[in-house]
Amino acid sequence: MFGDTEEGLKERIAATLADLGHAPRAVDLRRIPFSGAWGAATSVAKALAGQAAAAEVAAATAGLAKKEAKERAAAILSAKAQEIAATLAARLLAAGVADRVEAVNGYVNIYFDHTSVAARVLARVRAEGDDYGRGAPKGERVMVEFSQPNTHKAMHVGHLRNIALGNAMSAILARAGYEVLRANYLGDIGRHVIQCLWCYRAFHQGEEPPERKGRWLGEIYTESYARLHYREDVIGFINRLTSEDEAFRLAADRMLKELWRKKTASGEDIAYLLGQLSNGKGEFDLNKLHDPGCVADLWPIIGAQLREEVQPTRAQGPLADKEVAQRYLDEWADLDRHADWWVPAGRWEEEVRATFQEWERKDPEFMALWERTRAWSLDEFHRIYDQLGVGFDVWFYESAVEEEGRRMVGELLERGIAEVSEGLPVVKIDEKLGLEQERYRVLPILRSDGTTLYATKDLALTREKFERYHVDRAVWVIDVRQSLYMQQIFKILELWGFEQARHCHHLGYEMVTLQGAAISSRKGTGVLYEDVAAEALRRARGVIEEKNPEMPPEQKGRVAAQVGVGALLYGMLDRDNNKVLVFDFDEALSLQGQSAPYIQYAHARACRILERAGALPEGEQDFSDLTDHEVNLIEQIALLPEEVQRAAREYKPLLIATYAYSLAVRVNDFYENCRVLDAPEPRRGARLVLVDAARRALAASLGLLGIAAPEAM
RNA sequence: GCCCGCGUAGCUCAGGGGACAGAGCAUCCGCCUUCUAAGCGGACGGUCGCAGGUUCGAAUCCUGCCGCGGGUACCA
């Protein structure tokens, strides 16, 4: 907290306490929490008071009621603490520890000499320049894997949280002194890709748009999901309907008579349907029908019944709850738009499996299609990374680790780490670790049909990280829901003998939701990154036009991008990663208050002062008679190096996000209260040096968050 | 069932043993002849989910309970 002086200070306090006859005990040090007061405080006196006054307290409170006794004890202890603090403070002062040492409230406050500490801090910032805050090299190589988008799917704002966290974490670790490798791992194969390509070939071959093909592919994926789940959705709908709508149940008999007249359904199926539609249990199961096709004929009859419930034409019908019926009618209409899917849907799953086989046997035609469409997605991803200013050192692809994954499964089986259970290779982790209670459970590492799982590839890939990239520590930025899975992977790697596995870390984050509903690219309920970013840039541009119309148009565009994207990124970083983030468009795009633009603005203001001032003054400046505004700012600037270390240690970019904001608050406070350019010398020179240091600290902390620091806004 | 996370101002969130619990948004009032007002000052607003415990001291640590979310062998 106070650099090299911290340990020394603690030792001197401890020695002084020993001198005063107190038993040895740990000495705490913290910052004095008052504005304008800069120094270290210790609460040892409070702790010592508890022991020193124990007997006195016991005597004074004997026989008193609990509440009274407590108040009495508190009074005695607080007086005792202040007494010890006062003695200690006097000794420290006499010993020349500092020019000002005071006992306040039982604390001992050791005040820094503003002038000399300010000079030291600002000299350090100036000497280190753009490297201010960089920690000494740790000699450890860390790989941070993040982003991991799936090709053939759209990028939505949920993915942005991952990118923002991973990018910031990488920057923080790098500045803290680690050698960092940023890795991306693209899901370019798997069920989702096969599904998308099946849908593309079956329904959209040759109709791709001239641009934004990646996005279009995402839409195809969403459609494939809807198609493949169509029957399930219909059955689910019927089950909910029959359990909730009594009028509907009572009409079952009439509806099935109508179906019977169509003569398409067998008597057995009619009987089954009648039972399911009228019993209200919601257990209708498609597999129990001889001919699922009859549901297609029943479907319009269901719709007619719901319309009848909403707007009765027959007087004698049972009374329906119109609100419920209307809700179901709306849902029916949604599903009815794709009524023609029902019959062919029966063979789609089969078609998808066949497509999977094409991949497995590397069918040339299929491979060509896969590569072509994959490139569409990759192009789009690269555009997004460029806009975000995110770069990667290593690109991994799921498609490239499948084979290695299979080999690895063989190896794990041979070594007895994995075993075949219930027809597939698994690792019984708890059993292998000899744990009595279930904790890591069982992880399947290959499907029973021999196709690979995510775990298959992940295990193989991680081994590659260790062996080929020689990383000492691997960090995964992934959804918290993978938390158990990640622990399983770490344990398996440990069982496998990888020492590095003990230092691996899962940087989990909670999901991004949309007013309660989870974002899902399967269901297409996401807010696409592209759309949000476009709007963010548009709003930022609007503010620039208003505030700074003189700025050259080319610069306006650049700054709008820096501000808009910055606002989005900051919104992803300024809350704890294990808190659900409800994405609010206006809040995320806000350009005021606690936000990236606020911090960027403080930076731009500092830049403007420096620009107008010309060159920085050379030599030592006089930092005597600093105002509270200046002291508070310097104190915050001085904090950056340790905040970087803490953020790296705790895997918390949030710490930097909060730090940057408080720094900007202090810069603005300084700006409002302290004139620089028209201040008399030597004050002017000293303040210019301070502004320069503040500017560097702001730029550095924004950089750690992956956010640009424009010089003008 | 078991495991993990969350619960702090009207809303969104910081703070995770210490000195009066802090921001932003929202609402209201004030500040641009002075280095960019994307700013600044002020007002309003809190039994820190509940109950015990540990401690000189608990929003913070421990236990139990309540509420919400997530995970729990062939999804990723």
Side-chain angles (χ1 to χ4, degrees), chain A residues 28 30 32-34 41 43 45-54 57 73-74 76-78 80-81 104-107 109 148 150 187 190-192 398 421-428 437-439 441-449 451 453-458 478-485 487-488 508 510-511 513 518 540 543-544 546-548 563 567 574-576 578-582 584 586-587 590-595 597-598 600-602 604-613 654-655 657-658 661-662 665 668-669 671-679 691 712-713:
Chain A
D28 65 301
R30 74 196 73 231
I32 301 174
F34 306 115
S43 65
K46 288 168 177 284
L48 289 168
Q51 299 159 355
V57 167
I76 295 171
L77 287 167
S78 134
K80 187 77 191 171
V104 185
N105 271 336
Y107 289 90
N109 291 344
Q148 310 111 328
N150 283 328
R191 166 91 197 179
H192 66 282
E398 273 191 63
S421 166
E422 296 175 24
L424 69 158
V426 301
V427 180
K428 296 189 171 172
Q437 276 187 320
E438 69 168 23
R439 175 147 178 224
R441 314 185 69 124
V442 176
L443 184 70
I445 54 173
L446 199 66
R447 285 201 190 88
S448 47
D449 65 3
T451 56
L453 290 162
Y454 195 77
T456 321
K457 298 171 248 190
D458 220 357
I478 315 188
D479 198 323
V480 268
R481 285 176 290 192
Q482 313 310 324
S483 168
L484 172 62
Y485 166 76
Q487 296 310 309
Q488 292 175 321
E510 264 290 356
M511 47 178 190
T513 66
V543 178
I544 295 170
E546 178 196 335
K547 308 277 181 189
N548 210 342
V563 170
D574 77 334
R575 77 188 57 204
D576 201 279
N578 45 26
K579 252 172 187 153
V580 175
L581 193 156
V582 180
D584 180 288
D586 289 320
E587 200 181 312
S590 168
L591 307 179
Q592 338 152 349
Q594 183 164 0
S595 67
Y598 177 92
Q600 291 170 319
Y601 185 64
R605 279 176 147 185
C607 286
R608 169 54 67 91
I609 293 176
L610 294 166
E611 181 197 324
R612 289 210 171 185
L654 165 68
L655 295 174
T658 340
Y661 175 68
S662 1
V665 166
N668 279 325
D669 174 63
Y671 187 92
E672 293 291 331
N673 294 288
C674 304
R675 303 291 305 170
V676 178
L677 296 177
D678 40 16
V691 170
M713 285 171 69

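If you're wondering where the values come from, they're calculated on a predicted model, not measured in any experiment. Computation of the quantities below employed the complete heavy-atom set of this structure, encompassing side-chain atoms and omitting hydrogens, waters and symmetry-equivalent molecules. Letters A, B, ... are given to chains in the order of the sequence lines, protein chains preceding strands, and every chain is numbered from 1.
The listed nucleotides are B/A19, B/U36, B/A14; the one nearest the side chain of A/L654 is B/A14. Proximity note for A/V676 (side chain, C-beta onward) versus B/A14, B/A19, B/C35: the nearest is B/C35. Residue A/N109 has its side chain nearest to B/A19 when only B/C35, B/A19, B/C74 are considered. Side chain of A/R441, nearest nucleotide from B/A19, B/G1, B/G39: B/G1. Closest to the A/A41 side chain, of the nucleotides B/C74, B/A19, B/G39, is B/A19. When each of B/A14, B/G39, B/C35 is scored by its nearest atom to the side-chain atoms of A/I609, the top-ranked nucleotide is B/C35. Residue A/E672 has its side chain nearest to B/G39 when only B/A19, B/A37, B/G39 are considered. Taking the side chain of A/Y671 as heavy atoms from C-beta on, and the options B/A19, B/C13, B/A37, the nearest nucleotide is B/A37. Taking the side chain of A/R675 as heavy atoms from C-beta on, and the options B/G71, B/C35, B/C13, the nearest nucleotide is B/C35.
Side chain to side chain, A/N668 and A/Y601 fail the donor-acceptor criterion of an N or O pair below 3.5 Å.
Using a 4.0 Å heavy-atom distance criterion, A/D479 is classed as making no nucleic acid contact. Here A/R447 lies in heavy-atom contact (under 4.0 Å) with a base. At the heavy-atom level, A/S421 lies under 4.0 Å from base atoms of the strands shown. As judged by a 4.0 angstrom heavy-atom cut-off over every strand, A/V691 is placed among residues making no nucleic acid contact. A/E422 comes within 4.0 angstrom of a nucleotide base, judged by non-hydrogen atoms across all strands. Nucleic acid contact class of A/L424 (heavy atoms, under 4.0 Å, all strands): base. Within the 4.0 angstrom heavy-atom criterion, base atoms lie near A/V563. Using a 4.0 Å heavy-atom distance criterion, A/E398 is classed as a sugar-phosphate-only contact.
The gap from the C1' atom of B/C31 to that of B/G17 amounts to 41 Å, rounded to the nearest Å. Here the separation of B/G70 from B/C29, taken at their P atoms, is 43 Å to the nearest Å. Spacing between B/G24 and B/C44 at atom C1', rounded to whole Å, works out to 16 Å. Nucleotides B/A23 and B/G46 are separated by 15 Å at their P atoms, to the nearest Å. When the P atom is compared between B/C11 and B/G45, the two are found 16 Å apart, to the nearest whole Å.
Using a 4.0 Å cut-off, no side-chain N or O of A/R608 falls inside it from OP1 or OP2 of B/C35.
Counting heavy atoms from C-beta outward, A/I478 and A/Y485 have side chains that stay 4.5 Å or more apart. A/Q487 is not listed as a side-chain neighbour of A/R439, based on a closest heavy-atom distance of 4.5 Å or more.
Nucleotide B/C65 carries an anti base; the chi torsion (O4'-C1'-N9-C4 or O4'-C1'-N1-C2) is more than 90° from 0.
A donor-acceptor pair is defined here as one N or O able to donate and one able to accept, closer than 3.5 Å; such a pair exists between the side chain of A/N673 and the backbone of A/D669. Checked by atom type and distance alone, the side chain of A/N548 pairs as donor or acceptor with a backbone atom of A/M713 at under 3.5 Å. A/D584 places a side-chain N or O within donor-acceptor distance of the main-chain N or O of A/E587, the cut-off being under 3.5 Å.
Distance NZ (A/K46) to C1' (B/U55): 13 Å, rounded to an integer number of Å. In this structure, A/D576 places its CG atom 7 Å from P of B/C6, rounding to the nearest Å.
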- Query: Under a cut-off of 3.5 Å for both distances of each Watson-Crick or G-U pair, what dot-bracket string does RNA chain B give, using [ ] for crossing pairs and | for inter-strand pairs?
  - Reply: (((((((..((((....[...)))).(((((.......))))).....(((((..]....))))))))))))....
- Query: Can you check side chain to side chain contact (heavy atoms under 4.5 Å, CB included) on A/V665 and A/Y598, steps first, answer last?
  - Reply: CA-CA 9 Å; A/V665 166; A/Y598 177 92; 3.6 Å; yes
